[in-house]
Asker: 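Quick one: structure below, then a few questions.
Throughout, numbering of the chain's residues begins at 1 and tracks the sequence.
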Amino acid sequence: MGFATHLGPWLLGTVKDTTGTAAGTVRNTGPTVVAQTVKLNMVGATSATAIAVCTLPAGAHILSVVVDTLTTLSGTVTAAVLTVGTATTANLFFPSTTILTAGRQAPTLTTTQVTAYAGAASTASPNGVGIGSTDVNVVATPTFTTGSPSTAGIIQITISYLVANSDGSMFPASV
């Protein structure tokens, strides 16, 4: 089986255009949810050095950033945290959270991070402009307080998002 690539947002549903007010006659399409996942081997990673995760398309609305420690970090490391963001703002999408032991990491998002997921509202996109009008390179930055993961440590990062137009809009302006 091969891969297929579609450029641009997909709207899925059963009613494309509103023709009435009853269920079944009102537009019920919505944007597609997609995700990008990367596994990072932390053995040999350098503290405070950004690692490429993925590139999000312009206008994307982030739904979640999930960080899973698949293999406990071991070696001389005794404390380790991770942020997910951009080269400019390391913790833009995921705050500094411990990654030392295996399991799903559960951070508490700040207002700034929640706003970065949906973007600022505008007339063209009342639900927010998403990540902005250009693609965004996402990075993860580990910080090892003591030691380093020299023998084991696998981290998986999954970013789920809605695909939107580069201005953040999710539906055509007119039918």
Asker: With a 4.5 Å heavy-atom cut-off, do Thr14 and Asn28 have their side chains touching?
Answerer: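 Heavy-atom side-chain distance check passes, below 4.5 Å.
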Asker: Under a 4.5 Å cut-off applied to non-hydrogen side-chain atoms, are Gln36 and Leu56 in contact?
Answerer: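 Side-chain contact under 4.5 Å: yes.
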Asker: Please list, chain by chain and in numerical order, all residues satisfying side-chain contact (heavy atoms from CB on, under 4.5 Å) with Ala35, sequence neighbours excluded.
Answerer: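 Testing Ala35 for side-chain contact (heavy atoms from CB on, under 4.5 Å), a comparison that skips the adjacent residues, returns Thr158, Ser160.
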Asker: Mind checking what makes side chain to side chain donor-acceptor pair (under 3.5 Å) contact with Thr143, not counting sequence neighbours?
Answerer: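 For Thr143, no residue satisfies side chain to side chain donor-acceptor pair (under 3.5 Å) once neighbours in sequence are set aside.
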Asker: Of all residues at least two apart in sequence or in a different chain, which pass the side-chain contact (heavy atoms from CB on, under 4.5 Å) check with Asp68?
Answerer: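 Only Val66, Leu70, Arg104, Gln156 meet the side-chain contact (heavy atoms from CB on, under 4.5 Å) criterion with Asp68.
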Asker: Rest of the hydrophobic cluster containing Val43 (Ile/Leu/Val/Met/Phe/Trp/Tyr, side-chain heavy atoms under 4.5 Å)?
Answerer: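 Grouped by the 4.5 Å side-chain rule, Val43 forms a cluster of one, so the answer is none.
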Asker: Looking at every heavy atom in both Gln105 and Thr98, which two are closest together, and how far apart are they?
Answerer: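 Reported closest heavy-atom pair: OE1-O, 2.9 Å.
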Asker: Nearest 0.5 angstrom please: Phe144 CZ to Leu100 CG, how far?
Answerer: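 If we round to the nearest 0.5 Å, Phe144:CZ and Leu100:CG are 9.5 Å apart.
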Asker: Kindly give the heavy-atom pair with the smallest separation between Thr97 and Pro107, and that separation in Å.
Answerer: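 Scanning both residues completely, I find the closest heavy atoms to be OG1-CB, 3.3 Å.
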Asker: For Ala58 and Asp135, which heavy atoms make the closest approach, and how far apart are they?
Answerer: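 So the minimum-distance heavy-atom pair works out to N-OD1, 2.9 Å.
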Asker: With sequence neighbours left out, write down each residue that passes side-chain contact (heavy atoms from CB on, under 4.5 Å) with Thr76, or none if nothing qualifies.
Answerer: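 Here the qualifying residues are Ser148.
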Asker: Could you state whether Val81 and Ile99 fall into the same hydrophobic cluster, counting links through intermediate Ile, Leu, Val, Met, Phe, Trp or Tyr residues with side-chain heavy atoms under 4.5 angstrom apart?
Answerer: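 As far as the 4.5 Å side-chain criterion goes, Ile99 and Val81 are not connected within one cluster.
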Asker: So if you build clusters from Ile, Leu, Val, Met, Phe, Trp, Tyr with side-chain heavy-atom gaps below 4.5 Å, do Ile62 and Val139 land together?
Answerer: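 No; tracing contacts between hydrophobic side chains, which count when under 4.5 Å, never links both residues.
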Asker: Distance-only, no hydrogens or angles: does the Thr18 side chain make a donor-acceptor pair with backbone N or O of Val26 under 3.5 Å?
Answerer: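 Checking the backbone N and O of Val26 against the side chain of Thr18, no donor-acceptor pair under 3.5 Å is found.
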Asker: Would you say Ile154 ends up clustered with Val77 if hydrophobic residues are merged whenever their side chains have heavy atoms under 4.5 Å apart, either directly or through other cluster members?
Answerer: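 Unlinked, Val77 and Ile154 end up in two clusters.
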Asker: Show the nearest heavy-atom pair for residues Ala140 and Pro142, with the distance to one decimal.
Answerer: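 Looking at all heavy atoms of both residues, the shortest contact is O-CD, 3.7 Å.
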Asker: For residues Ile131 and Tyr161, determine if any side-chain heavy atom of one lies less than 4.5 Å from a side-chain heavy atom of the other.
Answerer: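 The answer is no; the side chains never approach within 4.5 Å.
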Asker: For a 4.5 angstrom cut-off between non-hydrogen side-chain atoms, does Val138 reach Ile159?
Answerer: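 A side-chain contact exists here, since the closest heavy-atom pair is under 4.5 Å.
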Asker: Only distances under 3.5 Å count here; give the side-chain donor-acceptor pairs of residues 82-96 to other protein atoms, sequence neighbours excluded, each with its distance to 0.1 Å.
Answerer:
unit_1, atom_1, unit_2, atom_2, d
Thr83, OG1, Ala90, O, 3.2
Thr86, OG1, Thr88, N, 3.3
Thr86, OG1, Thr89, N, 3.0

Asker: Taking C-beta and beyond as the side chain, do Ile155 and Leu73 meet within less than 4.5 Å on heavy atoms?
Answerer: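 Answer yes - side chains close enough.
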Asker: Is the backbone of Ser74 close enough, under 3.5 Å, to the side chain of Thr151 for a donor and an acceptor to pair up by distance?
Answerer: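 Side chain of Thr151 to backbone of Ser74, a donor-acceptor pair under 3.5 Å: yes, one is there.
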Asker: Taking atom types as modelled and ignoring hydrogens, do the side chains of Thr19 and Thr25 form a donor-acceptor contact shorter than 3.5 angstrom?
Answerer: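 No, no side-chain donor-acceptor pair sits under 3.5 Å.
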Asker: Kindly say whether Ala102 contributes a backbone atom to a donor-acceptor pair with the side chain of Thr72 at under 3.5 angstrom?
Answerer: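 Answer holds: yes.
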Asker: Give the minimum heavy-atom separation between Val163 and Val34, together with the two atoms involved.
Answerer: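 Taking Val163 first and Val34 second, the nearest heavy atoms are CG2-CG2, 3.5 Å.
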Asker: Are Val33 and Leu12 connected into the same hydrophobic cluster when the rule is that any two of I, L, V, M, F, W, Y join if their side-chain heavy atoms are below 4.5 Å apart?
Answerer: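 No: no chain of side-chain contacts under 4.5 Å links Leu12 to Val33.
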